[in-house]
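Reviewing the structure listed below.
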Number of protein chains: 2
Amino acid sequence: MELRHLHTFVAVAEERSFSRAADRLRIAQSAVSRTVQALERELGHPLFERSRHHVALTVAGLNALNVARATIETAESLRGAASCNERCPGR
Amino acid sequence: MELRHLHTFVAVAEERSFSRAADRLRIAQSAVSRTVQALERELGHPLFERSRHHVALTVAGLNALNVARATIETAESLRGAASCNERCPGR
DNA sequence: TTTTTTTACGACACACGTAACAATG
DNA sequence: CATTGTTACGTGTGTCGTAAAAAAA
């Protein structure tokens with residue numbers, strides 16, 4: 001599991017579309033498809049229902065989405081933490 | 001920034017040694033060295049003091065370490081969240 | 001000399017884009 | 001037929017291990 005996979009997953013979940021997620025991420029749809037497949041394979045559960053004419057999160061996907069967002073947010077905050085030359089206030 | 005980089009960084013910080021971190025991660029020391037360098041370059045701040053005979057965290061590195069651990073922990077919890085077919089209790 | 005980190009180099013794995021294919025409406 | 005997601009294939013970037021080099025004790 002890598003942060004890049006989570007970014008892709010969140011984009012698809014928010015756009016409810018592989019193609020719109022690809023546009024947002026500035027990569028090809030095929031790359032999005034492969035990344036989501038790899039993540040689903042690693043987690044052992046499908047994250048999306050591909051039936052009908054739009055993509056929908058499974059229950060597992062919905063649970064994963066919240067955690068994925070939290071993971072990304074925490075990782076981003078690491079940049080700020082590392083830029084703090086003095087001890088951060090409150091630590 | 002990727003989770004693999006954070007795992008490597010945490011291992012070096014905990015072992016206070018690139019070579020012991022490499023043993024723990026089952027990869028070559030050179031790979032550890034390159035990964036940490038890449039992370040430091042991306043964050044724009046050195047994470048370790050390489051002086052003397054052992055590796056020590058900088059202040060930026062210490063701040064980053066806590067956030068890196070939190071990021072990894074959150075990412076790991078994603079596996080459990082995705083394995084939950086019914087809605088998780090408390091949500 | 002022994003230990004530890006960094007740099008050089010060649011090989012392999014992973015991710016990408018283009019394009020063809022499948023399925024749905 | 002139009003749109004959307006998947007699969008196939010060739011290419012390029014990144015990471016690895018081995019090995020040599022540099023620095024410290």
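Reminder, nothing fancy here: chain letters follow the sequence lines and each chain counts from 1. Keep in mind that the numbers below use all heavy atoms, side chains included, and drop hydrogens, waters and symmetry copies.
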Could you check whether A:E40 pairs with A:R50 (Lys NZ or Arg NE/NH1/NH2 to Asp/Glu carboxylate O, under 4.0 Å)?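 Yes.
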
Ion pair present between A:E14 and A:R24, side-chain N to carboxylate O less than 4.0 angstrom?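 The answer is yes: the pair qualifies as a salt bridge.
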
Is B:A28 touching bases, backbone alone, or none of the nucleic acid, heavy atoms closer than 4.0 Å?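 Base, at least one base heavy atom under 4.0 Å.
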
Please classify the nucleic acid contact of A:V32 as base, sugar-phosphate, or nothing, using heavy-atom distances under 4.0 Å.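 Nothing, no heavy atom under 4.0 Å.
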
Name the residue closer to the 5' end of DNA chain C, choosing between B:A31 and A:R4 according to the nucleotide with the nearest heavy atom.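 In this pair, the answer is B:A31.
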
Between B:R20 and B:Q37, just flag the one whose closest nucleotide in DNA chain C comes earlier from the 5' side.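 Taking each residue's closest nucleotide, the earlier one in sequence belongs to B:R20.
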
Is the distance from OP1 or OP2 of [N] to the nearest side-chain N or O of [X] less than 4.0 Å?
X     : N      : answer
A:S33 : D:dT4  : no
B:R50 : C:dT6  : yes
B:T35 : D:dG14 : no
B:H5  : D:dT15 : yes

Could you tell me how far apart [X] ([atom1]) and [N] ([atom2]) are, to the nearest whole angstrom?
X     : N      : atom1 : atom2 : answer
A:F18 : C:dT24 : CZ    : P     : 15 Å
B:E49 : C:dT5  : CD    : P     : 14 Å
A:L6  : C:dA15 : CG    : C1'   : 16 Å
B:D23 : C:dT5  : CG    : P     : 11 Å
B:Q29 : D:dT15 : CD    : P     : 18 Å
B:E2  : D:dC16 : CD    : C1'   : 17 Å
A:L39 : C:dC14 : CG    : P     : 16 Å
B:M1  : D:dG14 : CE    : P     : 17 Å

Taking atom types as they are modelled, would you say the side chain of A:R34 forms a donor-acceptor pair with the base of C:dG17 within the 3.5 Å cutoff?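 Pair found.
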
Taking atom types as they are modelled, would you say the side chain of B:S19 forms a donor-acceptor pair with the base of C:dT5 within the 3.5 Å cutoff?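 Checked by distance alone, the answer is no.
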
Which heavy-atom pair separates B:H5 from B:L39 by the least distance, and what is that distance?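 Heavy-atom minimum between the residues: O-CD2, 4.1 Å.
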
Looking at A:L57, is its backbone amide N or carbonyl O close enough to the side chain of A:E49 to form a donor-acceptor pair, meaning the two atoms are under 3.5 Å apart?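 Checking the backbone N and O of A:L57 against the side chain of A:E49, no donor-acceptor pair under 3.5 Å is found.
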
A:T58 side chain to A:P46 main-chain N or O, any donor-acceptor pair under 3.5 Å?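 Checked: pair present.
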
Counting side-chain heavy atoms from CB outward, which of C:dC16, D:dC16, D:dA8 is closest to A:S30?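 Among C:dC16, D:dC16, D:dA8, the one nearest the side chain of A:S30 is D:dA8.
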
From the options D:dT7, D:dG17, D:dT6, select the nucleotide whose nearest atom is closest to the side chain of B:I27.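 Among the listed nucleotides, the one closest to the side chain of B:I27 is D:dG17.
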
